Student: 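Take a look at this one; I'll ask things after.
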Amino acid sequence: MLEVTHETAGPAPSRTPRWTRESAWAIYGLPFNDLLFRAQSVHRQRFDPNRVQLSRLLNIKTGGCPEDCGYCSQSSHHATGLVASRLMDVEAVVAEARKAKQGGASRYCMGAAWRNPKPRDMDAIVAIIEGVKALGLETCMTLGMLDRDQADRLSGAGLDYYNHNVDTSERFYPSVITTRTYADRLETLEHVRQSGMKVCCGGILGMGESEEDRVDMLVTLADLPEPPESVPINRLIPIAGTPLANADPVEGLEFVRIVALARIMMPTSFVRLSAGRSAMSDEMQALCFLAGANSIFVGDTLLTAGNPEEAADRKLFRRLGLEAL
Ligand code: SAM
Ligand code: DTB
Ligand code: SF4
């Protein structure tokens with residue numbers, strides 16, 4: 001009998017999806033206590049429930065971005081008053097990373113307001129990765145779209161994680177961003193995965209999307225060939241001058257439900273309670289940790305917007321008996 005291999009049979013056979021909209025939606029709609037109990041039970045099978053991973057963030061290239069993301073302070077399409085700057089010098093980035101290391105951070109995340117890195121930027125980016133790695137920190141970058149060669153180069157320089165968010169459902173995406181497609185996003189994620197780096201990919205709640213859009217976004221993430229190792233769930237920080245400046249805030253318990261669903265659908269991933277903690281009460285954050293969030297950004301600035309003061313986070317951790325991972 002003729003043996004059919006993948007090479008001769010064309011594209012790899014499609015696999016059964018791990019999650020469908022229906023299976024995810026059924027869990028999302030459970031009574032709140034059942035949903036949280038289930039999420040916390042899943043969480044405890046793989047993680048210490050009282051440990052939270054801490055990352056620090058630095059914007060290494062601010063503003064002037066050609067993309068039109070409706071939420072972003074750094075898009076040149078919106079008059080947000082942000083002053084654009086060039087890519088920081090390698091030494092300046094490494095000096096900031098050294099301070100972060102001395103302050104106890106284990107992972108250093110660096111963002112650039114680019115559609116994609118240009119060929120002329122790559123040497124500096126590689127030098128930054130090597131410099132930060134040499135301090136003994138884990139590294140993460142978010143620089144926009146990557147082709148396969150760029151992903152290989154970053155991976156070869158030692159970059160551990162690449163952050164590239166799908167942000168919302170495929171259906172809602174064009175209401176938020178028109179200068180690139182959902183398919184572009186998925187293509188970069190594929191390049192990152194193939195290069196051997198870990199994937200950090202999540203989205204934003206509170207941009208006017210429906211609850212179905214949020215669940216669909218999680219189905220997209222959980223059904224990637226390999227789910228992301230890190231899943232940031234951002235709560236929109238409304239930025240004056242952007243089209244989403246006056247978006248209705250996401251309802252608190254709906255936010256917690258999505259955190260819980262992310263935990264259940266991606267049981268081995270770190271779920272990061274990402275942007276928007278400044279607008280959350282301690283009680284709201286506590287519910288998110290109970291729902292399975294186990295990673296946060298520390299430091300009083302994210303990329304351009306505010307984050308809780310470190311003293312406030314230390315107090316929160318003390319009150320909840322949480323420790324840094
Ligand atoms: N330019 C790169 C890109 O978009 O891929 C990297 C930087 S971008 C600022 C990283 C992520 O931050 C976005 O994908 C979005 O999810 C999040 N983000 C940006 N502005 C935000 C805001 N105002 N509120 C919440 N999250 C935001
Ligand atoms: C992610 O999902 N959230 C972080 C990180 N990835 C790079 C960024 C949040 C940015 C919040 C808005 C700002 O600081 O401008
Ligand atoms: Fe540019 Fe990233 Fe902001 Fe979009 S989110 S405008 S790509 S910096």
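Numbering starts at 1 and runs along the sequence shown. One-based numbering, in listed order, for ligands and for the atoms of each. This structure is a prediction, so every number in the text was calculated from the model and none was measured.
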Student: Within the 4.0 Å heavy-atom shell around Leu303, which atoms of ligand 1 are there?
Tutor: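 Counting from 1, the qualifying ligand atoms are 9 (C).
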Student: Under a 4.5 Å cut-off applied to non-hydrogen side-chain atoms, are Ser169 and Arg214 in contact?
Tutor: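 Ser169 does not reach Arg214 side chain to side chain.
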Student: With a 4.0 Å cut-off on N to O distance, would you call Asp121 and Arg86 a salt bridge?
Tutor: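 So Asp121 does not pair with Arg86 through a salt bridge.
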Student: Nearest protein heavy-atom contact for atom 11 (C) of ligand 1: which residue, which atom, what distance?
Tutor: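 Looking only at protein heavy atoms, the one closest to atom 11 (C) of ligand 1 is Asn165 ND2, 3.7 Å.
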Student: Establish, for the pair Arg272 and Phe297, whether the NZ or CZ atom is under 6.0 angstrom from the six-membered ring centre and no further than 45 degrees off its axis.
Tutor: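 Judged by the rule, Arg272 and Phe297 form a cation-pi pair.
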Student: Give the residue, atom name and distance (to 0.1 Å) of the protein heavy atom nearest atom 8 (C) of ligand 2.
Tutor: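 It is Leu303 CD1, 3.8 Å.
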Student: Would you tell me whether Asp68 and Ser75 have side-chain atoms, one donor and one acceptor, within less than 3.5 Å of each other?
Tutor: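 Not at all, the side chains of Asp68 and Ser75 share no donor-acceptor pair under 3.5 Å.
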Student: Whether Asp216 and Arg171 form a salt bridge (side-chain N of Lys/Arg under 4.0 Å from carboxylate O of Asp/Glu) is what I want to check.
Tutor: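 Salt bridge: no.
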Student: Any Lys/Arg nitrogen of Glu138 or Arg107 sitting under 4.0 Å from an Asp/Glu carboxylate oxygen of the other?
Tutor: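 Yes, this pair counts.
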Student: Assess whether atom CZ of Arg38 is packed by more than 12 heavy atoms of other residues, nucleotides or ligands within 6.0 Å.
Tutor: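 Not buried by this count: 12 neighbours or fewer within 6.0 Å.
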Student: Looking only at distance, does Asp167 have an N or O less than 3.5 Å from an N or O of ligand 1?
Tutor: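 Between Asp167 and ligand 1 (N or O atoms, distance only) the closest approach is under 3.5 Å.
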Student: Give me the residue, atom name and distance of the protein heavy atom closest to atom 3 (C) of ligand 1.
Tutor: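 Here the closest protein heavy atom is Arg185 NH2, 3.6 Å.
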Student: Flag Leu236 as yes when one of its N or O atoms lies below 3.5 Å from any N or O atom of ligand 1, and as no otherwise.
Tutor: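 In this structure, Leu236 places no N or O atom under 3.5 Å from an N or O of ligand 1.
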Student: Would you mind listing which atoms of ligand 1 come within a distance below 4.0 Å of any non-hydrogen atom of Trp114?
Tutor: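 Those atoms are 1 (N).
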Student: Please say yes or no: joined through hydrophobic side-chain contacts below 4.5 Å, possibly via intermediate residues, are Tyr173 and Val215 part of one cluster?
Tutor: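 Yes, Tyr173 connects to Val215 through the hydrophobic network.
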Student: With a 4.5 Å cut-off on side-chain heavy atoms, are Tyr108 and Asp160 touching?
Tutor: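 Result no, sub-4.5 Å side-chain heavy-atom pair not found.
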Student: Using heavy atoms and a threshold below 4.0 Å, how should the contact between Asn165 and ligand 2 be classified: side chain, backbone, both, or neither?
Tutor: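 Side chain only.
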Student: Quick check: does any side chain N or O of Thr242 sit under 3.5 Å from a backbone N or O of Ile239, one acting as donor and the other as acceptor?
Tutor: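 Here the side-chain-to-backbone pair exists.
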Student: At less than 4.0 angstrom from any non-hydrogen atom of Thr142, what atoms of ligand 2 do you find?
Tutor: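 Ligand 2 atoms under the 4.0 Å threshold to Thr142: 7 (C).
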Student: Do ligand 2 and Asn163 have nitrogen or oxygen atoms that lie under 3.5 Å from each other?
Tutor: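 Asn163 vs ligand 2: N/O contact under 3.5 Å present.
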Student: Can you pull out the closest protein heavy atom to atom 24 (N) of ligand 1? Residue, atom name and distance to 0.1 Å, please.
Tutor: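 Answer, as residue, atom name and distance: Ile237 N, 3.0 Å.
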Student: Would you call Lys315-Asp282 a salt bridge at under 4.0 Å N-O?
Tutor: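 No, Lys315 and Asp282 are not salt-bridged.
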Student: Quick one: look up the protein heavy atom nearest atom 17 (C) of ligand 1 and list residue, atom name and how far away it is.
Tutor: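 It is Ile204 CD1, 4.2 Å.
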Student: Does ligand 1 have any atom that is closer than 4.0 Å to a heavy atom of Gly144?
Tutor: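 Yes, Gly144 has heavy atoms under 4.0 Å from ligand 1.
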Student: For Thr304, take its heavy atoms, then give the atoms of ligand 2 lying under 4.0 Å from any of them.
Tutor: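 So the atoms of ligand 2 that pass are 13 (C), 14 (O), 15 (O).
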Student: Ignoring waters, how many protein N/O/S atoms are under 2.8 Å from atom 4 (Fe) of ligand 3?
Tutor: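 Number of qualifying protein atoms: 1.
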Student: May I ask you to identify, for Arg115, whether its side chain, its backbone, both or neither come under 4.0 Å of ligand 1 on a heavy-atom basis?
Tutor: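 No part of Arg115 comes within reach of ligand 1.
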Student: For ligand 1, is there an atom lying under 4.0 Å from some heavy atom of Cys65?
Tutor: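 So Cys65 does not count as touching ligand 1.
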Student: Which atoms of ligand 2 sit under 4.0 Å from any heavy atom of Ser274?
Tutor: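 In order of numbering, the contacting atoms are 1 (C), 2 (O), 3 (N).
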Student: Report, in ascending order of atom number, the atoms of ligand 2 lying under 4.0 Å from any heavy atom of Asn234.
Tutor: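 Those qualifying, in numeric order: 1 (C), 2 (O), 3 (N).
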Student: Can you report which non-hydrogen protein atom sits closest to atom 7 (S) of ligand 3, along with the distance?
Tutor: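 Heavy-atom neighbour on the protein nearest atom 7 (S) of ligand 3: Arg180 NH1, 3.4 Å.
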Student: Measuring from the heavy atoms of Met207, does anything fall under 4.0 Å of ligand 1?
Tutor: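 No, that is not the case, since the closest heavy atom of the residue is not under 4.0 Å from the ligand.
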Student: Tell me, which protein residue and heavy-atom name are nearest atom 7 (C) of ligand 1, and how many Å apart are they?
Tutor: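 Closest protein heavy atom to atom 7 (C) of ligand 1: Thr142 OG1, 3.9 Å.
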Student: Give the numbers and elements of all ligand 2 atoms closer than 4.0 Å to a heavy atom of Ser73.
Tutor: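 Listed by number with element: 15 (O).
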Student: Under 3.5 Å between any N/O of Ala305 and any N/O of ligand 2: does that happen in this structure?
Tutor: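 Between Ala305 and ligand 2, an N or O pair is found under 3.5 Å apart.
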Student: Just need the protein heavy atom nearest to atom 21 (C) of ligand 1, so name the residue and atom and give the distance.
Tutor: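 Going by distance alone, atom 21 (C) of ligand 1 is nearest to Tyr71 CD1, 3.8 Å.
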Student: Does an N or O anywhere in Phe297 fall below 3.5 Å from an N or O of ligand 2?
Tutor: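 Among all N and O atoms of Phe297, none is under 3.5 Å from an N or O of ligand 2.
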Student: Using the salt bridge (charged side-chain N to carboxylate O under 4.0 Å, His left out) rule, collect all pairs that involve residues 91-103, keeping only residues at least two apart or in two chains.
Tutor: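 As it turns out, the salt bridge (charged side-chain N to carboxylate O under 4.0 Å, His left out) pairs with a partner in residues 91-103, which skip direct neighbours, are Glu96-Lys99.
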Student: Can you check atom 2 (Fe) of ligand 3: any protein non-hydrogen atom closer than 4.0 Å?
Tutor: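 Within 4.0 Å: no protein heavy atom nearby.
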